[in-house]
Amino acid sequence: MERWLALELASTIRHDGDGGVADDLATVEGTTRWIHGQRELLTGLVPAGGIEADEELRLAVTGLRRAVRALFARVVSPAPPSPADAHRLMPVDEALAHLNAVAAREPVAPQLDWPAGGEPASRLLSDQRDPHLRLVAALARAAVDFLSGPHREHLRACSAPRCVRYFVKSHGRQEWCKPSCGNRARAARHYERRRTAG
């Protein structure tokens, strides 16, 4: 299953299983855990080795997430945005400015790698040594790439009851981010039909 770093960041706001909303980045420890969970997607973008979050990094990542979720809400409009933050979305112009400013914090230059007998690949070269700055800039660039790429057209807010996730629609009839959300939505519709009929 394909994963996108920008969508992974937005998905750190999720249903908690008890009717509420959980924030995977609510603590420094949770932020560190999430960063380590993205190691595969961050390969080549940040220095090797484990990045340990501090409060400053946590606030930088959550600020970027707020901008990304506001821009995701713009993408899915006129459909409703995720109910997790629909009532407090960052204004779009502010979200764009924040995203672009964070992406520009790490000057990078594209480099072409082409090993003998191998396939050419591009990578970004940076002189920046601060791993926290590199991480946040890489997350912002991933959001820029996602929002300017072809997957943006398939971004949706899950319409299942209590779900707050965004997802990339992978086939024509997909309405929910995962099968359990589809089951929950069908059960809610069934309950509503029976209640109305009774």
Side-chain angles (χ1 to χ4, degrees), residues 3-35 37-38 41-42 51 53-106 132-133 135-149 151-169 174-178 180-182 184-185 188 192:
R3 293 173 57 209
W4 298 271
L5 197 50
L7 194 56
E8 295 293 325
L9 177 61
S11 295
T12 57
I13 298 282
R14 59 181 174 74
H15 181 261
D16 68 1
D18 293 321
V21 175
D23 181 353
D24 293 336
L25 307 178
T27 64
V28 168
E29 295 78 17
T31 304
T32 298
R33 207 171 18 259
W34 180 79
I35 292 166
Q38 308 313 309
L41 294 175
L42 291 168
I51 292 178
D54 58 17
E55 185 62 12
E56 184 178 350
L57 177 59
R58 187 189 77 77
L59 291 173
V61 173
T62 57
L64 179 61
R65 177 186 62 191
R66 187 168 175 242
V68 168
R69 288 183 64 88
L71 295 170
F72 277 16
R74 179 182 184 183
V75 170
V76 302
S77 180
S82 165
D85 44 16
H87 60 287
R88 61 177 196 278
L89 287 170
M90 181 184 285
V92 169
D93 56 343
E94 186 180 325
L96 280 169
H98 185 75
L99 177 65
N100 288 328
V102 173
R105 287 183 189 156
E106 179 189 22
H132 289 186
L133 191 146
L135 171 71
V136 179
L139 292 172
R141 287 192 309 272
V144 168
D145 290 345
F146 181 88
L147 289 164
S148 62
H151 297 296
R152 179 193 72 246
E153 297 299 321
H154 303 286
L155 185 70
R156 303 290 185 272
C158 185
S159 60
R162 300 184 312 274
C163 188
V164 296
R165 288 184 184 261
Y166 287 96
F167 70 98
V168 174
K169 186 175 180 174
Q174 184 179 1
E175 297 179 51
W176 306 288
C177 65
K178 53 189 174 185
S180 60
C181 279
R184 197 166 54 249
E192 185 60 29

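Sequence positions, counted from 1, serve as the residue numbers for this chain.
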Nearest-0.5 Å distance that lies between atom CD in E94 and atom CZ in R66:
6.0 Å
Between CG on residue L41 and CZ on residue R3, distance to nearest 0.5 Å:
4.0 Å
Is there a donor-acceptor contact under 3.5 Å from the side chain of R156 to the main chain of E175?
no
Straight-line distance of R14 CZ to R165 CZ, nearest 0.5 Å
7.0 Å
Minimum heavy-atom distance between L96 and R74, given as atom pair plus value:
CD1-NH1, 3.9 Å
Can you confirm whether D54 sits close enough to L57 that some side-chain heavy atom of one is under 4.5 Å from a side-chain heavy atom of the other?
yes
Just verifying a value: how many Å separate L42 CG and I35 CD1, rounded to the nearest 0.5 Å?
8.0 Å
Quick one: does any side-chain atom of R69 pair with a main-chain N or O of A10 as donor and acceptor, under 3.5 Å?
yes
Looking at C158 and C177, what are the two nearest heavy atoms and their distance?
SG-N, 3.4 Å
Heavy atoms of L25 and G30 approach each other most closely as CD2-O, 4.5 Å
Nearest-0.5 Å distance, CG of residue L155 to CG of residue L147
8.0 Å
Considering all heavy atoms of both residues, which atom of L59 and which atom of T62 are nearest to each other, and what is their separation?
O-OG1, 3.2 Å
Can you check whether R88's main-chain N or O pairs, donor with acceptor, with D85's side chain at less than 3.5 Å?
no
Scanning both residues in full, the closest heavy-atom pair of E106 with L133 reads CB-CD2, 3.8 Å
Tell me whether the rings of F146 and F72 are parallel (<30°), tilted (30 to 60°) or perpendicular (>60°).
tilted
Report yes if some heavy atom in the side chain of L139 is under 4.5 Å from a heavy atom in the side chain of V68; otherwise report no.
no
Could you tell me whether E56 atom CD has more than 12 heavy atoms of other residues or ligands within 6.0 Å of it?
no
In terms of heavy-atom contacts, V21 and V164 come closest through CG2-CG1, 4.0 Å
Tell me if a side-chain donor or acceptor on D16 pairs with a main-chain N or O of D18 at a distance below 3.5 Å.
yes
Going from OG1 on T27 to CD on E55, what distance comes out if it is rounded to the nearest 0.5 angstrom?
9.0 Å
Heavy atoms, side chains only, cut-off 4.5 Å: are V92 and L71 in contact?
yes
Considering only NZ, NE, NH1 and NH2 on the basic side and carboxylate oxygens on the acidic side, decide whether R65 and D24 come within less than 4.0 Å.
no
Mark yes or no for whether Y166, through its side chain, and S82, through its backbone, hold a donor-acceptor pair below 3.5 Å.
yes
